[in-house]
Every structure is written in C-alpha cells, then in structure tokens.
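Inspection log for the structure reproduced underneath, given as structure tokens.
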Amino acid sequence: MRIVTALTYVLPHRALSALARRLAWSRNPWLKQRLIDAVVCRFGVDLAEAEQPDPTAYPTFNAFFTRALRPGVRPFDPDPRALLMPADGRISQCGPIVDGRIFQAKGREFTAAELLGSEADAEPFKDGVFATVYLSPRDYHRVHMPWGATLRETVHVPGRLFSVGPDAVASVPRVFARNERLVCHFDTDFGPMVQVMVGALLVSGVETTWSGVEIPAYADAVTRKDWRGRSITLARGEEMARFNYGSTVIVLLPKGVATLAPELAAETPVRLGQRLALLD
C-alpha cells in the first residue's frame, strides 16, 4: 500500500471533498483556468473530442470536467443485442458474480448485498455478471445507459470516500462497498439491471438526469427513493448521470441474461458505446 493510500484512512474525506467542490464550482477566472490547464496537461485530456474544445470557454472547472462530447465521436455498437459500455475509462474488473460475491482485486472481494445496501436487492444478481469501470481524470465523465430501461428506485448508501485508483482498489478491502454511492435500479425487457455510481476522495458530486444533484448532501443512513409510476424511461446509450471528478461505475446483470464481451479484462481501456455484453 502506498503512503498516499494509507493516509486516506485518516484524512477527513467529506471535508476534503467539500473543499474540492468549492474549488470546482468557483467562477474565479484565474483559479478555474489554472485547474483546467493543470488537468489538461497532467492527464493529456483530448479536447478535440469535446463539444466545446476551447479550454478557456468553460465558466468553472466543473463545467470543464463534466463537458459534453461532440456528436458522433462515440459510435454505439451496431448489433441491436449489444449492451453498451456506460462510460469512458478502463475495466477495473469484470466477470461472474459467484454466489453473490464480486471480485475486486488481488484476492479481495465484496458482496453484492454490501454494494447495494440490501440482501433482497442483491438476490436477482446472485450468480449474474458485473463490470466495474474506472473513470480517470482525463476521461469523459458522463455515464450512459447500457440498455433501454425504466428507473424503478435509487438508493443512496452512506460511506467513506476512499480513492478508487488502482493502488486503493488493490489495497483497501471492500473499497466499492465502503464508499458513498448512488445505486440506480432499472427495469428492462430482460429483467432488472443496476448501475452504481461510486463516489471517491475529492469527488464533489454525483448528479442524475432525472433529479439533479444527489451527492452531496452526504448520507448518514440508507435513503431510498421510489421512482415507479413516474415514467422515467431512458433509451439505450442515453445519458443517465455524471461525476464531478474521476470515479467508478459498476454494472450488475442477472444470471443467464447476457455474456460479457470476451475482449474485456482487467486494465482494458474502454470507451462509451462499445460492446459491454451481448444478450443471450
């Protein structure tokens, strides 16, 4: 475990993330531009793909970080049976959920019940499949739908805000099931599907397209919102949520529904719209 990762056990996670949020939303021209220029330089951000390629045109660092892409730069897999990759990034891990357990890294795992905050919510995914996609600071930070679906429920699960970078994932036990997260339950024509927006250190917010900002405020108890009957239906490939800094999205699918794309493995770079899985 690196020293920086070890320090995250004692750092004031929420206070640091609240500070990061204030900086990200600052309209001070000098500050916001310094932040934007630093990230573009440090992480090699490709602004040619952005709807707004001029780094000085963004009013805040957050506006830059959650920037839209130019139409057509992320073509969707043309097979109508293909579930789509929900975000740019790289695969942290993917594969079968074995008796309700999800592999994290280097012998570490966590349960679907821990991740979702409920044994009952985890039951449909007991022997299904999962994909964990890590978004680095250089990536496009909007998350899209793998498949057309209707929102059923969101669950805001309280937790810490550990880093979700490679060293933390390899070192911090159950990191995704310990961090603050928003669990989004969807109903599809093949059954239930879950997308989990996992917060992380310095992630100053998670927001959805149907209700706006969900995190912060940070939760002190599990909070459920029932969206049934409100006709919140999202098409395959449609934007559903966004992060205000690099983090992780986890997709869960039930058993016997789909087979993950064979080329996907840990550390594989991925792009929004490529094949995540194929319906069986």
Side-chain angles (χ1 to χ4, degrees), residues 1-45 47 50 52 55-68 87-90 92 132-143 156-169 171-172 175-183 196-209 211-220 223 239 241-250:
M1 183 185 296
R2 295 179 181 174
I3 293 175
V4 172
T5 301
L7 283 173
T8 61
Y9 278 90
V10 296
L11 288 172
H13 291 191
R14 291 183 175 182
L16 286 173
S17 294
L19 174 61
R21 179 176 175 81
R22 289 188 65 182
L23 294 174
W25 285 85
S26 171
R27 289 184 174 269
N28 180 292
W30 179 88
L31 176 61
K32 68 93 179 178
Q33 203 57 50
R34 281 296 184 95
L35 292 172
I36 291 171
D37 292 345
V39 168
V40 170
C41 180
R42 170 68 178 82
F43 296 102
V45 176
L47 281 172
Q52 173 50 268
T56 67
Y58 294 95
T60 65
F61 178 75
N62 186 70
F64 155 77
F65 215 82
T66 58
R67 62 195 175 274
D88 284 2
R90 63 171 178 79
S92 177
T132 303
V133 182
Y134 168 67
L135 291 73
S136 78
R138 75 181 302 274
D139 292 315
Y140 170 66
H141 274 75
R142 301 188 184 193
V143 177
H156 184 175
V157 184
R160 296 280 280 163
L161 290 168
F162 288 103
S163 166
V164 291
D167 184 66
V169 170
S171 306
V172 179
V175 63
F176 300 121
R178 295 169 73 175
N179 275 15
E180 192 105 6
R181 56 205 178 273
L182 184 71
V183 180
V196 184
M197 302 282 289
V198 182
L201 188 66
L202 302 185
V203 172
S204 51
V206 172
E207 57 185 283
T208 65
T209 58
S211 64
V213 175
E214 292 279 354
I215 304 173
Y218 298 113
D220 294 317
T223 304
E239 180 188 346
R242 61 185 68 172
F243 290 113
N244 289 339
Y245 204 62
S247 195
T248 295
V249 59
I250 303 176

I need the [X] [atom1] to [Y] [atom2] distance, nearest 0.5 Å.
X: Glu214; Y: Thr208; atom1: CD; atom2: OG1; value: 4.5 Å
X: Ile36; Y: Asn62; atom1: CD1; atom2: CG; value: 10.0 Å
X: Phe243; Y: Thr248; atom1: CZ; atom2: OG1; value: 6.5 Å
X: Phe61; Y: Gln33; atom1: CZ; atom2: CD; value: 11.0 Å
X: Asp88; Y: Arg142; atom1: CG; atom2: CZ; value: 12.0 Å
X: Arg242; Y: Leu135; atom1: CZ; atom2: CG; value: 13.0 Å

Minimum heavy-atom separation for [X] to [Y], with atom names?
X: Ser26; Y: Leu31; result: OG-CD2, 3.7 Å
X: Arg21; Y: Gly205; result: NH1-CA, 4.4 Å
X: Gly89; Y: Asp139; result: CA-OD2, 3.4 Å
X: Val249; Y: Ala87; result: CG1-CB, 4.3 Å
X: Val169; Y: Ser92; result: CG1-OG, 3.9 Å
X: Thr60; Y: Ala24; result: CB-O, 3.5 Å

Discussion item. For His156 and Glu180: C-alpha separation, side-chain torsions, deciding distance, then whether side chain to side chain contact (heavy atoms under 4.5 Å, CB included) applies.
Written reply: CA-CA 8 Å; His156 184 175; Glu180 192 105 6; 2.7 Å; yes
Are [X] and [Y] close enough that some pair of their side-chain heavy atoms sits under 4.5 Å apart?
X: Phe176; Y: Asn179; result: no
X: Pro158; Y: Asp220; result: no
X: Glu207; Y: Asn244; result: yes
X: Pro59; Y: Arg27; result: yes

May I ask you to decide if [Y]'s main-chain N or O and [X]'s side chain share a donor-acceptor pair within less than 3.5 Å?
X: Arg138; Y: Ser136; value: no
X: Tyr58; Y: Lys32; value: no
X: Arg178; Y: Arg160; value: no

Worksheet item: Does the pair Phe64 and Leu35 meet the rule for a side chain to side chain contact (heavy atoms under 4.5 Å, CB included), with working shown?
Response: CA-CA 10 Å; Phe64 155 77; Leu35 292 172; over 6 Å; no
Practice prompt. Kindly assign one of parallel, tilted or perpendicular to the pair His141 and Phe65, based on the angle between their ring planes and the thresholds 30° and 60°.
Written response: tilted
